[in-house]
Amino acid sequence: MTVPQFGIFAQGTIAHEFIEFDLRPDVDMARATTALSQLRAPAVAAGGINLVIGFGSELWKTVAPDQAPADLANFAPIGRLGGHHAPATQHDFWLWISGSSQDVVFEHARAAVKMLTDVATVASERPCFVHRDSRDLTGFIDGSANPMTHEAPAAALIPDGQPGEGGAHVIVMRWVHDLDAFEQLPRQEQERVFGRSKQASIEMTGDALPADAHIARVQISDPAGEELPIYRRSVPYGTVAEHGLYFVAFSADRTRFDRMLARMFGTDADQIHDHLTDFSRPVTGSFYFAPSLTCLAELGERWGAAAVEAIPSSAEPAGNPST
Ligand code: HEM
């Protein structure tokens with residue numbers, strides 16, 4: 001059985017830290033892979049936290065070409081000249097550390113960075129938090145239509161038998177909100193931006209749902225009309241001066257992200273842009289590949305790194321999976 005990275009699905013974690021890294025120039029690949037495999041050592045990956053690692057397309061194709069999904073690629077900028085757009089800020093790899101308190105997450109983030117310091121530099125680091133009952137900072141519940149825990153693996157993971165099986169495509173974008181502008185809208189208008197009611201997150205349907213509402217832009221389906229879901233794990237971040245959403249989602253295939261972004265940024269056939277992009281703009285954008293734990297363990301053996309043996313084979317994710 002192919003075992004995915006548990007942290008992708010761990011619930012009940014209120015403290016999050018996301019770190020993007022670039023390999024140092026001319027780094028020796030053997031040294032880099034040894035350092036990466038040591039991330040599973042207890043000082044980094046045990047003690048009440050979840051660790052998820054994602055590899056940029058080029059790095060993954062270098063270390064495990066036989067385990068690279070065919071559609072693995074770097075994030076490409078999207079949008080229209082003079083219109084809303086999403087920049088590409090691709091880095092080599094990405095870590096997501098989550099747990100039930102910020103101090104523990106911080107300690108593990110520090111341990112991870114220390115372990116990698118000879119081979120990689122930190123390109124971006126973002127502590128994030130859960131806001132009220134999982135609300136985006138706009139006040140809208142984020143996650144209502146997310147696949148349920150039992151459906152999430154099918155949405156997020158590459159099916160068995162395909163290169164990269166049990167792994168997931170990851171999209172990572174940091175969005176900066178203009179809350180002052182958004183809060184000037186009457187509540188009814190705010191609700192039309194998302195296509196859901198603010199308090200209870202009730203979905204607008206039929207003619208009531210504006211064509212440029214966020215959910216109308218990101219609901220996509222296959223030729224048979226079956227919905228194509230992604231599994232979102234976004235969390236808010238910020239200071240009073242700058243704040244927004246650290247958007248993270250996992251998908252069994254990359255094209256779902258491409259299609260949703262095209263519909264959000266007005267490059268799809270109908271050229272409508274998501275009204276949400278009038279109030280929030282992405283300032284970073286990367287794609288990563290989060291291989292299965294099984295694959296990471298096999299690679300660890302190949303790289304001869306004893307530290308990978310520290311991967312707990314029956315460990316439960318930190319946090320309370322029922323929340
Ligand atoms: C500022 C950035 C964003 C914010 C604040 C945001 C917020 C929300 C909210 C409040 C909902 C409705 C409740 C829910 O179902 O979770 C939602 C739904 C959704 N969002 Fe976003 N989102 C953002 C960016 C994105 C991006 C970049 C994508 C895709 C690449 C995306 C994909 C989705 C999907 C697939 C749904 C569920 C649609 C449905 O099936 O009804 N979102 N988002």
Side-chain angles (χ1 to χ4, degrees), residues 75-79 84-88 126 128 130-148 151-152 155-156 168-179 181-183 185 187 190-206 208-210 212-222 225-238 242-268 273-288:
F75 190 94
I78 186 160
H84 300 301
H85 66 279
R126 191 63 46 179
C128 297
V130 172
H131 174 228
R132 297 182 180 269
D133 47 344
S134 290
R135 287 178 190 263
D136 173 60
L137 296 179
T138 52
F140 283 77
I141 294 176
D142 193 8
S144 307
N146 226 7
M148 306 285 279
E151 302 161 332
H169 290 275
V170 192
I171 182 173
V172 175
M173 299 172 90
R174 183 165 72 85
W175 289 72
V176 178
H177 290 355
D178 184 349
L179 284 185
F182 187 77
E183 285 164 357
L185 299 178
R187 172 181 289 233
Q190 294 184 358
E191 293 180 337
R192 288 168 58 82
V193 169
F194 284 101
R196 280 188 177 266
S197 69
K198 193 165 185 178
Q199 193 50 40
S201 196
I202 295 165
E203 189 176 350
M204 296 174 180
T205 51
L209 179 66
D212 64 353
H214 179 55
I215 67 164
R217 301 315 297 163
V218 292
Q219 287 173 351
I220 57 166
S221 49
D222 69 13
E226 282 296 314
E227 188 202 342
L228 288 171
I230 58 174
Y231 184 55
R232 289 168 290 133
R233 299 305 314 269
S234 316
V235 255
Y237 72 88
E242 187 178 82
H243 38 252
L245 188 72
Y246 196 94
F247 182 81
V248 179
F250 297 85
S251 174
D253 85 74
R254 205 208 69 226
T255 56
R256 296 180 197 183
F257 299 144
D258 296 342
R259 287 180 60 190
M260 289 178 189
L261 289 175
R263 288 180 55 77
M264 288 182 77
F265 287 93
T267 61
D268 198 34
H273 76 263
D274 190 326
H275 197 13
L276 177 57
T277 61
D278 295 326
F279 302 97
S280 189
R281 66 192 165 92
V283 293
T284 72
S286 307
F287 285 145
Y288 295 101

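As the structure lists them, so they are numbered: ligands from 1, and atoms in each ligand from 1. It should be emphasised that the depicted structure is a prediction, and the values quoted were computed from it without experimental measurement.
- Nearest to atom 12 (C) of ligand 1 among the protein's heavy atoms is Arg196 CD, 3.6 Å.
- His214 NE2, 3.6 Å is the protein heavy atom nearest to atom 23 (C) of ligand 1.
- Of the N and O atoms on the side chains of His84 and Asp274, not one donor lies less than 3.5 Å from an acceptor on the other residue.
- Taking atom 28 (C) of ligand 1 as the reference point, the nearest protein heavy-atom neighbour is Phe247 CZ, 3.1 Å.
- In terms of protein heavy-atom proximity, atom 38 (C) of ligand 1 is closest to Val218 CG2, 3.8 Å.
- Looking only at atom types and distance, the side chain of Gln199 has no donor-acceptor partner in the side chain of Glu191 under 3.5 Å away.
- Residue-to-ligand polar distances place Gly143 within reach of ligand 1: an N/O pair is separated by less than 3.5 Å.
- The ring of Tyr237 has its center no closer than 6.0 angstrom to the ring center of Tyr246.
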Original post:
Do Arg281 and His85 pass the side-chain contact (heavy atoms from CB on, under 4.5 Å) test, and can you show the C-alpha distance, the side-chain angles, and the key distance before you say yes or no?
Top reply: CA-CA 8 Å; Arg281 66 192 165 92; His85 66 279; over 6 Å; no
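- The shortest separation from a heavy atom of His177 to ligand 1 is under 4.0 Å, placing the residue in contact.
- A side-chain donor-acceptor contact under 3.5 Å links Glu151 to the backbone of Met148.
- Listed by number with element, the atoms of ligand 1 under 4.0 Å from a non-hydrogen atom of Leu276 are 3 (C), 4 (C), 6 (C), 23 (C).
- Residue Leu245 places no N or O, backbone or side chain, under 3.5 Å from any N or O of ligand 1.
- In terms of protein heavy-atom proximity, atom 10 (C) of ligand 1 is closest to Ile141 O, 3.3 Å.
- Annotation: atom 15 (O) of ligand 1 to nearest protein heavy atom, Ala145 N, 2.8 Å.
- A donor-acceptor pair shorter than 3.5 Å can be found between the side chains of Thr255 and Asp253.
- Counting atoms of ligand 1 from 1 in the listed order, those under 4.0 Å from a heavy atom of Met260 are 29 (C), 30 (C), 35 (C).
- For the residue pair His177/Ser280, the side-chain donor-acceptor check at 3.5 Å is satisfied.
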**OP:** Under the salt bridge (charged side-chain N to carboxylate O under 4.0 Å, His left out) rule, what do Arg174 and Glu242 come out as? Steps first, then yes or no, please.
**Re:** CA-CA 11 Å; Arg174 183 165 72 85; Glu242 187 178 82; 3.0 Å; yes
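- Counting the atoms of ligand 1 from 1 in the order shown, those under 4.0 Å from a heavy atom of Ser280 are 1 (C).
- With hydrogens left out, the protein atom closest to atom 41 (O) of ligand 1 is Gln219 NE2, 2.9 Å, a heavy atom.
- No donor-acceptor pair closer than 3.5 Å links the side chain of Ser251 to the backbone N or O of Ile230.
- Listed by number with element, the atoms of ligand 1 under 4.0 Å from a non-hydrogen atom of Asp142 are 7 (C), 8 (C), 9 (C), 16 (O), 43 (N).
- With respect to atom 19 (C) of ligand 1, the closest heavy atom belonging to the protein is Arg232 NH1, 3.2 Å.
- Aromatic ring orientation, Tyr231 versus Phe250: tilted (interplanar angle from 30° to 60°).
- Taking a cut-off of under 4.0 Å to the non-hydrogen atoms of Asp136, the atoms of ligand 1 that pass are 5 (C).
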